[in-house]
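Here is the structure we will look at, set down as structure tokens.
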Amino acid sequence: MLKGVIFDMDGTLGDTVALCVEAYRQTTLEVSGRLPEAGEVLGLFGISDRGVLGGLLGMRYDAPELPVEHFVKVYERLHDNLAPAPYEGAVQVLKNIRDKGLKVGLLTGKEHYTADPTIKRYGMEGLFDLILTGQPTHNCKDECLQEAMATWGMSADEIIYVGDAPTDIDHCHRVGVRIINAAWGSHAAAEEAACLARNPDYRLTDFSKLEPLITQLMI
């Protein structure tokens with residue numbers, strides 16, 4: 001029986017992928033004078049804010065001079081224009097799931113630097129029982145899913161992850177957690193083949209179908 005639902009953020013609760021990409025590009029330009037291609041930025045996704053920023057600037061993620069504060073300012077400056085609101089109904093879905101008695105978590109590759117501003121802008125403060133963020137050295141979602149299971153005292157078959165990336169599917173399969181492949185974002189078509197090749201447990205192209213599926217899985 002399903003007892004907990006864990007959500008990704010970018011591309012899952014909001015169409016924020018373009019925001020993330022542009023924030024990295026603009027920060028790199030303003031700091032170094034080089035404007036990276038979007039593909040270069042996307043190629044670093046999976047690791048967290050400091051990891052991506054360090055990779056683009058040729059710096060260690062823990063270097064004191066890494067311009068994290070500058071990056072956060074750029075991210076917040078672009079937010080209202082590039083990703084002003086979550087997907088329609090997302091906040092209500094989170095509330096409804098909690099009202100059904102399920103635990104609700106957030107597991108994002110972001111660090112708190114960019115996760116917190118988005119949670120606040122989207123009116124999602126207080127809606128997550130657990131928030132887990134990424135690491136600058138590697139994609140740690142499988143480790144975080146195990147942490148969530150341990151924290152909640154649940155087995156792998158009692159939680160489900162909702163995420164959009166092909167790597168999300170890989171990490172869920174690695175630890176035996178079911179995944180709903182979130183294919184409703186603007187970038188979903190570009191990743192369709194890669195996602196389908198990984199055999200997600202469920203794939204939805206319409207956000208409005210998410211809550212009914214979760215309700216069905218509770219039975």
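Just so you know, residue 1 is the first one in the sequence shown, and it goes up from there. A quick note: this is a predicted structure, and the numbers were derived from the prediction, not measured.
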Same apolar cluster (I L V M F W Y, side chains within < 4.5 Å links), [X]/[Y]:
{"X": "Y113", "Y": "I131", "result": "no"}
{"X": "L204", "Y": "V17", "result": "no"}
{"X": "L44", "Y": "V72", "result": "yes"}
{"X": "F207", "Y": "L217", "result": "yes"}
{"X": "I180", "Y": "V93", "result": "yes"}

If you take all heavy atoms of [X] and [Y], which pair is closest and at what distance?
{"X": "C195", "Y": "P200", "result": "O-CD, 3.2 Å"}
{"X": "G123", "Y": "V91", "result": "O-CG1, 4.0 Å"}
{"X": "D142", "Y": "N139", "result": "OD1-O, 4.1 Å"}
{"X": "E40", "Y": "L56", "result": "OE2-CD2, 3.7 Å"}
{"X": "A182", "Y": "T12", "result": "CB-OG1, 4.0 Å"}
{"X": "H187", "Y": "G11", "result": "CE1-CA, 3.7 Å"}

Open item on the list: Once salt bridge (Lys or Arg N to Asp or Glu O under 4.0 Å) is applied, do any residues pair with D15, and if so which ones, sequence neighbours excluded?
Closed with: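 By the salt bridge (Lys or Arg N to Asp or Glu O under 4.0 Å) rule, D15 matches no residue at all.
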Open item on the list: List the residues meeting salt bridge (Lys or Arg N to Asp or Glu O under 4.0 Å) with R98, not counting sequence neighbours, and say none if there are none.
Closed with: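 Partners of R98 by the salt bridge (Lys or Arg N to Asp or Glu O under 4.0 Å) criterion, ordered by chain and then number, come out as D129.
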So do [Y] and [X] actually touch side chain to side chain, heavy atoms under 4.5 Å?
{"X": "V52", "Y": "F71", "value": "no"}
{"X": "M9", "Y": "T114", "value": "no"}
{"X": "K141", "Y": "T167", "value": "no"}
{"X": "I119", "Y": "L106", "value": "yes"}

TODO: Each residue besides L35 in its hydrophobic cluster should be listed here, by chain and number; the cluster joins Ile, Leu, Val, Met, Phe, Trp and Tyr at side-chain heavy-atom distances under 4.5 Å.
DONE: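 Traced through the cluster, L35 reaches L29.
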- [ ] Starting from Y161, walk the hydrophobic network (Ile, Leu, Val, Met, Phe, Trp, Tyr; side-chain heavy atoms closer than 4.5 Å) and list everyone else you reach, by chain and number.
- [x]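 Listed partners: I6, L107, L130, L132, L145, M149, W152, M154, I159, I169, V175, V177, I179.
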Rounded distance [0.5 Å steps], [atom1] in [X] versus [atom2] in [Y]:
{"X": "C172", "Y": "I160", "atom1": "SG", "atom2": "CD1", "value": "8.5 Å"}
{"X": "R60", "Y": "T137", "atom1": "CZ", "atom2": "OG1", "value": "10.5 Å"}
{"X": "Q135", "Y": "Y61", "atom1": "CD", "atom2": "OH", "value": "8.0 Å"}
{"X": "R178", "Y": "E158", "atom1": "CZ", "atom2": "CD", "value": "9.5 Å"}
{"X": "M59", "Y": "L53", "atom1": "CE", "atom2": "CG", "value": "7.5 Å"}
{"X": "M124", "Y": "D116", "atom1": "CE", "atom2": "CG", "value": "13.5 Å"}

Under the side chain to side chain donor-acceptor pair (under 3.5 Å) rule, collect the residues that match up with [X], sequence neighbours excluded.
{"X": "R50", "answer": "E111"}
{"X": "E143", "answer": "H138"}
{"X": "T215", "answer": "K100"}
{"X": "H173", "answer": "none"}

Task: E65 atom CD: more than 12 heavy-atom contacts under 6.0 Å - done: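 Counting neighbours around CD of E65, more than 12 heavy atoms of other residues, nucleotides or ligands fall under 6.0 Å, so yes.
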- [ ] Using a strict 4.0 Å threshold on nitrogen-to-oxygen distance, state whether E30 and K73 make a salt bridge.
- [x]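 Here E30 does not pair with K73 in a salt bridge, since their nearest N and O are not under 4.0 Å apart.
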TODO: Mind checking side chain to side chain contact (heavy atoms under 4.5 Å, CB included) for D206 and listing every partner two or more places apart, or none if nothing turns up?
DONE: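 Residues passing side chain to side chain contact (heavy atoms under 4.5 Å, CB included) with D206: S208, K209.
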Open item on the list: Between V74 and Y24, does the side chain to side chain contact (heavy atoms under 4.5 Å, CB included) criterion hold? Intermediate values first, please.
Closed with: CA-CA 8 Å; V74 173; Y24 284 120; over 6 Å; no
TODO: For F45, enumerate each residue passing the ring pair (Phe, Tyr, Trp, His ring centres under 6.0 Å) test, keeping only those at least two apart in sequence or located in another chain.
DONE: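 Ring pair (Phe, Tyr, Trp, His ring centres under 6.0 Å) list for F45, sorted by chain: empty.
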TODO: List for me each residue that meets ring pair (Phe, Tyr, Trp, His ring centres under 6.0 Å) alongside H79, sequence neighbours excluded, and say none if there are none.
DONE: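 Y75, Y122.
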TODO: Would you check if the side chain of R121 reaches a backbone N or O of P84 as a donor-acceptor pair within less than 3.5 Å?
DONE: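 No, because the side chain of R121 does not come within donor-acceptor range (under 3.5 Å) of the backbone of P84.
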Open item on the list: Could you walk me through whether I97 and F7 satisfy the side chain to side chain contact (heavy atoms under 4.5 Å, CB included) test, starting with their C-alpha distance in whole Å, then the side-chain angles of each, then the deciding distance to 0.1 Å, before giving a yes or no?
Closed with: CA-CA 12 Å; I97 292 172; F7 290 86; 3.7 Å; yes
Task: Within residues 188-202 or reaching into it, pairs that qualify as side chain to side chain donor-acceptor pair (under 3.5 Å) - sequence neighbours excluded - done: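 Checked against side chain to side chain donor-acceptor pair (under 3.5 Å) - neighbours excluded - the pairs reaching residues 188-202 are D170-R198.
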- [ ] Quick one: sort the Y87 and W184 rings into parallel, tilted or perpendicular, breaks at 30° and 60°.
- [x]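 Answer is perpendicular, since the angle exceeds 60°.
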